[in-house]
Amino acid sequence: FPFMGDKFDLKKLMGVTMLDAVSRANTFVAEVMSHNPREVVVPVVGGHARVTILPLLSQVKLPCSFTQKEIEYLTDRMENGGIEVVKAKYGAGSATLSMFADACLKGLRGDASIVECTFVATHVTELPFFASKVRLGRCGVDEVYGLGPLNKYERMGLEKAKKELEGVLRKVLALCRSKDS
């Protein structure tokens with residue numbers, strides 16, 4: 001996607017995935033841990049749909065450990081959380097962008113340490129775009145953080161997510177190129 005940098009400021013081109021992290025992952029993990037969701041921070045990387053959603057449960061802020069059964073339950077629940085929301089709203093839409101917009105505005109205002117998960121142009125994996133933890137600032141994305149240490153389950157999930165995302169990105173690239181013609 002090198003041509004996208006010619007058309008867009010890649011530091012300001014972000015896809016909303018933070019709802020997976022803030023609304024869903026933190027809440028679901030807090031339920032399992034019997035904690036307040038505001039005390040839990042779950043990094044969620046990859047993408048925004050099903051198998052591309054990869055919660056990094058080994059990196060949850062609020063030290064904890066999960067059984068394999070809990071890991072599988074939480075991962076499945078996070079991967080299908082969007083479907084849960086749409087069903088709860090009887091198909092009348094899903095979550096809003098307000099939390100992400102608030103984080104972006106705080107970053108643009110110059111607030112320090114605004115760290116969120118978002119789908120961005122990155123070198124975190126071999127894919128040109130990937131949902132990663134980023135630090136937001138006055139110019140958009142100031143820093144993209146690496147994945148950190150992954151356990152075996154997360155590494156397997158990462159490979160599945162990348163395979164799915166690669167196909168989606170290929171379709172997006174073809175669509176963008178056809179619009180240029």
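For this chain, numbers begin at 1 and follow the sequence in order. All values derive from a computational prediction rather than experimental measurement.
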ask   = What's the shortest heavy-atom distance between S132 and V144, and which atoms?
value =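 Shortest heavy-atom contact: CB-CG1, 3.8 Å.
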
task = List the atom of G140, the atom of K12, and the distance in Å for their closest heavy-atom pair.
result =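 Scanning both residues, the minimum pair turns out to be CA-CG, 4.3 Å.
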
Rounded to the nearest 0.5 Å, what separation is found between the [atom1] atom of [X] and the [atom2] atom of [Y]?
X	Y	atom1	atom2	value
L57	E72	CG	CD	11.0 Å
L56	K61	CG	NZ	15.5 Å
E79	T52	CD	OG1	8.0 Å
M33	C64	CE	SG	4.0 Å
K152	R155	NZ	CZ	8.0 Å
E164	I53	CD	CD1	11.0 Å

side-chain contact (heavy atoms from CB on, under 4.5 Å) against [X], all qualifying residues, sequence neighbours excluded:
X	answer
T67	K69, E70
R109	K106, D111
L105	none
E166	L127, R170

task = Start with the C-alpha distance between K163 and V51, add both sets of side-chain angles, then the distance that settles side chain to side chain contact (heavy atoms under 4.5 Å, CB included), and finish with yes or no.
result = CA-CA 10 Å; K163 184 177 180 182; V51 72; over 6 Å; no

query = Distance-only, no hydrogens or angles: does the N26 side chain make a donor-acceptor pair with backbone N or O of P37 under 3.5 Å?
reply =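 Not confirmed, N26 side chain does not pair with P37 backbone.
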
key: Main-chain N/O of L147 paired to Q59 side chain as donor or acceptor, under 3.5 Å   =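 Side chain of Q59 to backbone of L147: a pair is present.
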
task = Apply side chain to side chain contact (heavy atoms under 4.5 Å, CB included) to the pair F129 and V172, showing each step before the final yes or no.
result = CA-CA 11 Å; F129 291 88; V172 169; over 6 Å; no

Taking C-beta and beyond as the side chain, do [X] and [Y] meet within less than 4.5 Å on heavy atoms?
X	Y	result
L158	F130	yes
P55	L74	no
E159	K162	yes
L136	V141	yes

inquiry  = Listing request: all salt bridge (Lys or Arg N to Asp or Glu O under 4.0 Å) pairs with a residue in residues 36-53, at least two apart in sequence or in separate chains.
reply    =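 For residues 36-53: none.
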
request  = Give a yes or no on whether H35 atom NE2 has more than 12 heavy-atom contacts from other residues, nucleotides or ligands under 6.0 Å away.
outcome  =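 Yes.
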
L150 with V45, same ILVMFWY side-chain cluster at under 4.5 Å =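 The answer is yes; both residues are in one hydrophobic cluster.
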
task = I would like to know whether V42 and F28 meet side chain to side chain contact (heavy atoms under 4.5 Å, CB included); could you show each step before the answer?
result = CA-CA 10 Å; V42 181; F28 299 158; over 6 Å; no

inquiry  = Once side chain to side chain donor-acceptor pair (under 3.5 Å) is applied, what residue pairs with a partner in residues 141-151 remain, sequence neighbours excluded?
reply    =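 Every pair satisfying side chain to side chain donor-acceptor pair (under 3.5 Å) with a residue in residues 141-151: R135-D142, R135-E143.
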
